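These numbers come from a predicted model, not from an experiment.
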Amino acid sequence: MSPHYKSFVELGKSLAVSKELTWDFKSNGDGYAVDDAGWNLTTCVGDVPPPAYYLRDLGTDAKTLSIINVERAACGLVALHQCALSSAWQDFIKAAVIEQLLVKRNSSGYVYQSIARPLRVMATCVEREPWELTLDDLQYAIRIATSVQASGKLGDLVAGLVKVILDTNHICDAGQMYALLGVQRVQVTSVRSRQTLSEDELRSKLEERKRVERLPSRRAFWELVRIVMTERPQSFMDELRFAATRTMIITGLRAGEVTLLPVDWKRERTYVDAKGQGSGQVGGFSSALMLRHFAEKQQEEESDSRILRESTQAVPEMFRTLLTETLERVACITAPLRETLKMQCETGRLLPWFREDEVVPFSDIYTRLSGNPFWLGIERDPFINEYRKDFDPAILRELHKFQAEKSLGSTRKLDMAIYMFGNRLQKQMRAGETSMRFRTSTGVPIYDEARMSWNNTYLNVGELEEHIRKMTPSKMPDLLPMTADSGVIQSWQLLFLHPKRSLSEERNDGICDVTRYFSISRPDSRLVGIGLGDHDKIPSLFERYGKTKADQELRLESHMLRHLQNTELFRLGVADTIIWKRYNRRSVAQSYEYDHRSLAEELEQISIPEEVELLLGEKATTVAKMIKGGKASGPIVEAFVRIQAKDGDAAAYEYLRVEADGFHATPYGHCLNSFTVDPCPKHLECFANCRHLSATGLPENKVNLIRLEGKFRAAIETIRARTSNSIGWKNQLQHAEERLAGVQRLLVTPDGERAFPDGVDLSIPRARDVVDE
């Protein structure tokens, strides 16, 4: 056993002790924690669920095994079965998880998805202990992991762990192996489809947006707008998703920021002039609506990431009414949930409507536990249709009153679902899984073998609450408070509350009684993500409300809406300081990471006198704007600046009108050399020290350069492998090395600057020699 491995595991055990975590928790034969034990990673770091992440599975990865078994079958080998990992691998995974959580301070979601599972995949692929791993083992694990996910992300995570965990902590006896892996890491997954295009198709265009893959497709965006603005939601959850999506389109907030909006979101600011009069009387606005929210990514170094940072965002006047109506409606339909959750938080009880020693009719308890408002055998459709019109809680109260009055008459037939629910509870009682018992109205227990009369059956509230905590922990309401820089935020103070696991609505196409259901969830970004297509098994808004089959197959990432709005603000000429403040960014420069304007859209913001545009024409005007915006360089630019300084603007623009053909978009960058008479002397081999080439930073150009870099590296290795003393061999090697250096230099050149300012000026004809014809 490697001493480095041993010390790494000992560090993990000491960290686990500090958090009172059981290191050797019990697991079954497949490596899964018995009785859903294990480590609650979210609670471990003091975070507040949902979501909650657990370390429970320390067995082989099922999807990885299926890929391995396909290859083993092709080789005539016996298939491998699901089993627990070795104790050494289990200790190693635990140590890595706790070290990443408490020392590296990574989030529980990141550790769960990007540390725990890739390590399990690695362990599944090899038959050695962690310190015995070799280069071949790691390359095989990366190859298998890449096959598990079509995007290649899982394989990339496995490769990354070689660097950040194995090599960093000197786990393997074989030494540092990351540099020897020889695998291509995932750089920009969104350009994978572009790699199949031809070189001509990859040429940059003025109209092509930067990093367009981060923006929603036009069709998906407008279909989403149509759905959330015009369609009638078919469920309570969809009503919340519609409202949250509308809010994101209006504000550009992140999904997590929208779903955590406080119910007390509205703030008003009043503006007056120097005389104290309203600004509206002098042509301005007398008041402005501000949206109070908790901004993400505001933490400073060494600050506590669990603390919510309160902020406000100004709402444009054109969206004021729409946003106000949207959020006030959400507050109205979620008000019963908020009242219930507040009572639960204040009393610490799950069923605060009753005393703890009270016995309550089973038919009344049924709706509290399941959310299904129908406990009597009545016609459902009229009530369901009426409630789905506006999701008015008053309809649910009328429904309960109607059933209560009807049950007092001759008709007392219960709904079939309540019989099934009662029979399941009875089986649990008979199996000894719960101490709860059915009782009579006086509280006397009913014997297990007695024939049940569900209309006359009661439950003790205290026993029922204990049963819920033990048997259905996933239905426990979210009662834990959160901490903000402005103080403690209780879960009932949030806006987008929703029922937790309301199967009557989400699975059985019914409705959920939000006025009586006890299980209430604090929302998170999944509320929006599921609606936009993040979940494979839950239908998205596109699938449920799309008019055509093509519309139903659309998908959209929530963060794309933020990128889109940021880009549109830039395109419309809004100052970057205003954009920076609107999105709660830490610096103005961060806004440009969300800027996806095409070069043509950027140039539109650069003003040129109208008479000059008419003189220059379209192409020369484009070059003039590029020069003015500092997005071009080269001999034409230098001559333009020199003439402008010496003879004035008119002479400089006249020169540019004649030389305007000297702007070209190449596969590698922008060229400002005139090819009117002669073609490119370098045949577009711009990276070979051509002084006219300027970097663009466009992803298409970078893809071409990265591919060229790989080709030149391979060529140099091939040339060096065939050593020779001939002049031709040396010339070939020098030629490849010079071009590799040129490509690498262009890759690191800032946008708009020349890669080879001191390079050869190929626009000057080569001096003719004596022997030239």
Side-chain angles (χ1 to χ4, degrees), residues 214-216 220-222 224-230 239-269 285 287-298 308-331 334 484 486 489 493-497 523-532 541 556-586 588 590-596:
R214 298 186 183 181
L215 297 174
F221 173 73
W222 287 112
L224 181 66
V225 171
R226 183 196 68 79
I227 290 172
V228 302
M229 297 295 183
T230 65
E239 175 76 22
L240 297 184
R241 292 186 181 107
F242 278 28
T245 305
R246 280 198 297 270
T247 304
M248 290 176 61
I249 293 173
I250 294 171
T251 63
L253 294 180
R254 300 178 178 89
E257 294 172 337
V258 168
T259 52
L260 277 185
L261 283 176
V263 67
D264 181 23
W265 61 270
K266 184 184 289 187
R267 294 290 183 271
E268 294 274 354
R269 285 187 182 175
F285 290 96
S287 67
L289 177 65
M290 307 296 292
L291 177 67
R292 174 177 174 243
H293 64 282
F294 301 110
E296 296 179 353
K297 298 186 178 180
Q298 302 298 302
L308 302 177
R309 311 287 174 169
E310 187 172 322
S311 185
T312 57
Q313 183 190 89
V315 179
E317 193 65 24
M318 64 185 296
F319 295 130
R320 180 172 186 154
T321 301
L322 176 59
L323 183 65
T324 301
E325 291 177 351
T326 297
L327 298 185
E328 286 182 350
R329 171 160 175 74
V330 173
T334 59
S486 56
I489 304 296
Q493 294 176 310
L494 300 178
L495 182 63
F496 284 92
L497 298 176
D524 59 22
S525 59
R526 290 177 296 181
L527 176 69
V528 175
I530 289 175
L532 300 183
L541 297 180
L556 190 148
E557 294 180 12
S558 62
H559 210 59
M560 288 179 173
L561 299 175
R562 186 176 177 90
H563 281 266
L564 177 63
Q565 186 177 114
N566 194 109
T567 299
E568 286 301 297
L569 292 177
F570 268 120
R571 188 181 66 82
L572 295 173
V574 177
D576 55 6
T577 51
I578 296 177
I579 298 174
W580 153 68
K581 189 170 184 178
R582 174 175 177 79
Y583 294 114
N584 303 304
R585 298 201 171 107
R586 300 181 64 82
V588 175
Q590 287 179 314
S591 295
Y592 287 92
E593 294 296 323
Y594 290 76
D595 179 13
H596 306 290

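Counting only heavy atoms from C-beta outward, the side chains of Thr324 and Trp265 approach each other to under 4.5 Å. With a 4.5 Å cut-off on side-chain heavy atoms, Leu497 and Leu240 do not count as touching. Considering only heavy atoms from C-beta on, His293 comes within 4.5 Å of Asn584 through its side chain. For the pair Phe221/Met560, no side-chain contact is recorded, criterion being any heavy-atom separation below 4.5 Å from C-beta on. Looking at Arg526 and Thr259, their side chains never come closer than 4.5 Å, going by heavy atoms from C-beta outward. Residues Ser525 and Glu296 have side chains not in contact (no heavy-atom distance under 4.5 Å, counting atoms from C-beta outward). Residues Leu289 and Glu268 have side chains in contact (heavy-atom distance under 4.5 Å, counting atoms from C-beta outward). Contact of the Arg254 side chain with the Ser558 side chain is not registered, since no non-hydrogen atoms from C-beta on lie closer than 4.5 Å.
From Arg267, atom CZ reaches atom CD of Gln313 across 14.5 Å, with rounding to the nearest 0.5 Å. Considering OG1 of Thr251 and CG of Leu261, their distance stands at 7.5 Å, rounded to 0.5 Å. In this structure, Leu561 CG and Leu532 CG are separated by 7.0 Å, a value rounded to the nearest 0.5 Å. A distance of 10.0 Å separates CZ of Arg582 from CG of Asn566, quoted to the nearest 0.5 Å. In this structure, Arg329 CZ and Leu327 CG are separated by 12.5 Å, a value rounded to the nearest 0.5 Å. We find the CD1-CG distance between Ile578 and Leu569 to be 9.5 Å, quoted to the nearest 0.5 Å.
Annotation for Ser486 and Glu310: closest pair OG-OE1, 2.7 Å, computed over non-hydrogen atoms. When every heavy atom of Phe294 is checked against every heavy atom of Glu257, the shortest pair comes out as O-CG, 3.4 Å. Heavy atoms only, all atoms of each residue included: Arg562 and Leu253 are closest at NH1-CA, 3.8 Å. Considering every non-hydrogen atom in both Val258 and Ala244, the closest pair reads CG1-O, 3.7 Å. Shown here for Ile250 and Gln565, the closest heavy-atom pair between the two residues is O-NE2, 3.2 Å. Val228 and Arg246 get closest at one heavy-atom pair: O-NH1, 2.5 Å.
Remark: Phe242 pairs with Tyr545 by the ring-ring contact (aromatic ring centres under 6.0 Å, His included) rule, at least two apart or across chains. With sequence neighbours excluded, no residue satisfies side chain to side chain donor-acceptor pair (under 3.5 Å) with Arg269. Partners of Thr334 under the side chain to side chain donor-acceptor pair (under 3.5 Å) rule, at least two apart in sequence or in another chain, are Arg338.
Open room surrounds CD on Glu557; 12 or fewer heavy atoms of other groups in view lie less than 6.0 Å from it.
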- request: Given side-chain contact (heavy atoms from CB on, under 4.5 Å), test Phe570 with Asp576 step by step and report yes or no.
  value: CA-CA 7 Å; Phe570 268 120; Asp576 55 6; 4.0 Å; yes
